[in-house]
Amino acid sequence: MKPDLPGLLAARNLDWIVPAWSGPAGVRAFFTTRRGGVATGTASAFDLGAAQPPAGAADTAIAENRRRLREWLPADPTWLHQVHGSDVVTITTALSTPPVADAAVTRAASAVLAVRTADCLPILLSDRAGSVLAVAHAGWRGLAGGVVENTLAAMRVPPAGIVAWIGPAIGPNAFEVGPDVVAAYCDNDAAAAAYFRPAREGKWMADLPGLARARLARAGVVDVAGGEWCTHTDATRFFSYRRDQGSGRMALVAWLAP
């Protein structure tokens, strides 16, 4: 990868986030923000769209944004058809048809993984040797359904040797949920109640990054960075589906350097 990535991104008016974590030097990754693209409207700026955007005027801008993204990558990214589930796919080379999954794992150098988000958690995982890499899209359903645990299983290395980074997502002061979300976590794990704060009658504020950290820790992953950004409250930097229905999508992209 090019040296001084944050400086190069800034020079191109790309306010993308390079993970500050203890991952190995061979892992390349960044998270796009809404700045620096060409899309307009509610999904303005650097909207990367759906897995396979339909043809249309708005998607011309998405296609241009994806072309600009590709300039920073060693290969075409494999986009996923994300369904808020817990399935994981193993990628060996770029796939033109997005597989139905919410997480991806690779051991192949320069196979580019990607997940799109607009409030859900983007999670980056790697072993310390830089031999296996994973990304996951974890909304509350996918996280409760085991997408983190399934991703770790697909990596096939001891969890204690894995490092993780949690990217921007809706924060604990903005994510109001109902009893169904509380039950999805607390019915099987009483300790998860620590990540829900009563808000009003029948509603709670949920700490989604905290729940992810807890799931990772319970699985044996304790080296976890990130999780400090709120997509909902920072409208100048991030898309947010809950704030703006029909919002654009950002992406976490990652690959293993050859």
Side-chain angles (χ1 to χ4, degrees), residues 17 19 21 23-24 27-32 48-52 73 75-127 130-159 161-170 184-185 208-209 211-221 223-227 231 241 249-256:
I17 296 171
W21 67 326
V27 171
R28 306 287 188 262
F30 55 81
F31 181 82
T32 68
L48 292 168
Q52 284 186 317
L73 308 176
D76 290 335
T78 293
W79 301 101
L80 304 180
H81 180 65
Q82 300 167 193
V83 294
H84 295 276
S86 58
D87 287 345
V88 184
V89 64
T90 297
I91 304 298
T92 57
T93 189
L95 302 176
S96 58
T97 300
V100 179
D102 281 85
V105 173
T106 192
R107 290 174 173 77
S110 298
V112 181
L113 307 182
V115 289
R116 295 161 297 106
T117 64
D119 278 341
C120 294
L121 293 165
I123 302 177
L124 174 67
L125 302 140
S126 172
D127 69 332
S131 63
V132 59
L133 176 69
V135 296
H137 160 258
W140 75 262
R141 289 182 180 85
L143 190 62
V147 69
V148 164
E149 292 84 352
N150 291 352
T151 303
L152 293 172
M155 294 177 76
R156 303 201 308 269
V157 295
I162 290 177
V163 294
W165 180 79
I166 298 173
I170 191 166
Y185 289 92
L208 194 59
L211 287 163
R213 286 178 177 273
R215 300 292 286 241
L216 286 162
R218 191 171 68 177
V221 180
D223 190 341
V224 183
T231 52
Y241 183 82
R249 296 294 186 273
M250 301 162 291
L252 170 64
V253 293
W255 66 97
L256 296 171

- Message: Does Val157 form a side chain to side chain contact (heavy atoms under 4.5 Å, CB included) with Val132? I'd like the steps, not just the answer.
- Response: CA-CA 8 Å; Val157 295; Val132 59; 4.1 Å; yes

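- One N or O on the side chain of Arg107 and one on the backbone of Met155 form a donor-acceptor pair closer than 3.5 Å.
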- Steps toward side chain to side chain contact (heavy atoms under 4.5 Å, CB included) verdict (Leu124, Leu252): CA-CA 8 Å; Leu124 174 67; Leu252 170 64; 4.0 Å; yes

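- Counting only distance, with no hydrogens or angles, the side chain of Tyr241 and the backbone of Thr117 share no donor-acceptor pair below 3.5 Å.
- The distance from atom CD of Glu149 to atom OG1 of Thr151, rounded to the nearest 0.5 Å, is 8.5 Å.
- Counting only distance, with no hydrogens or angles, the side chain of Asp127 and the backbone of Ile162 share no donor-acceptor pair below 3.5 Å.
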- Between Leu121 and His137, does a side chain to side chain contact (heavy atoms under 4.5 Å, CB included) hold up when you go through it step by step? CA-CA 6 Å; Leu121 293 165; His137 160 258; over 6 Å; no

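- In this structure a side-chain-to-backbone donor-acceptor pair under 3.5 Å is missing from Asp102 to Ser86.
- For the pair Leu80 and Ala101, the tightest heavy-atom approach, listed with the atom from each and the gap, is CB-O, 3.5 Å.
- Here Ile166 contributes atom CD1 and Leu216 contributes atom CG; the two are 6.0 Å apart, rounded to the nearest 0.5 Å.
- Side-chain contact between Val224 and Trp165 is absent, with no heavy atoms from C-beta onward closer than 4.5 Å.
- How far CG of Leu133 is from CZ of Arg28: 11.5 Å, rounded to the nearest 0.5 Å.
- Using modelled atom types, no side-chain atom of Asp119 and backbone atom of Ala169 make a donor-acceptor pair closer than 3.5 Å.
- The shortest distance between side-chain heavy atoms of Arg215 and Leu143 falls below 4.5 Å.
- Between Leu95 atom CG and Thr78 atom OG1 the span is 4.5 Å, to the nearest 0.5 Å.
- Looking only at distances, a side-chain donor or acceptor of Thr32 sits under 3.5 Å from a matching main-chain atom of Ala251.
- A side-chain donor-acceptor contact under 3.5 Å links Thr106 to the backbone of Ile91.
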- Task: Please assess Met250 against Thr231 for the test side chain to side chain contact (heavy atoms under 4.5 Å, CB included), listing each intermediate value before the final yes or no.
- Result: CA-CA 10 Å; Met250 301 162 291; Thr231 52; 4.0 Å; yes

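- Between Ala225 and Trp21, the closest heavy-atom pair is CB-CB, 3.9 Å.
- The two residues Ala75 and Val112 make their nearest non-hydrogen contact at O-CG2, 3.5 Å.
- Side chain of Arg116 to main chain of Gly49: a donor-acceptor pair is present (N/O by atom type, distance under 3.5 Å, no hydrogens or angles).
- The shortest non-hydrogen separation linking Val147 to Ala138 is CG1-CB, 3.9 Å.
- Here the side chains of Val135 and Pro122 are not in contact, with every heavy-atom distance at 4.5 Å or above.
- With a 4.5 Å cut-off on side-chain heavy atoms, Leu208 and Trp140 count as touching.
- In this structure, the side chain of Ser126 does not engage the main chain of Gly23 through any donor-acceptor pair within 3.5 Å.
- In this structure, OH on Tyr185 lies 5.5 Å from CG on Leu211, to the nearest 0.5 angstrom.
- Pro77 approaches Ala114 most closely through the heavy-atom pair CB-CB, 4.2 Å.
- Val105 is not listed as a side-chain neighbour of Val89, based on a closest heavy-atom distance of 4.5 Å or more.
- In this structure, CZ in Arg249 is found 12.0 Å from CH2 in Trp79, a value given to the nearest 0.5 Å.
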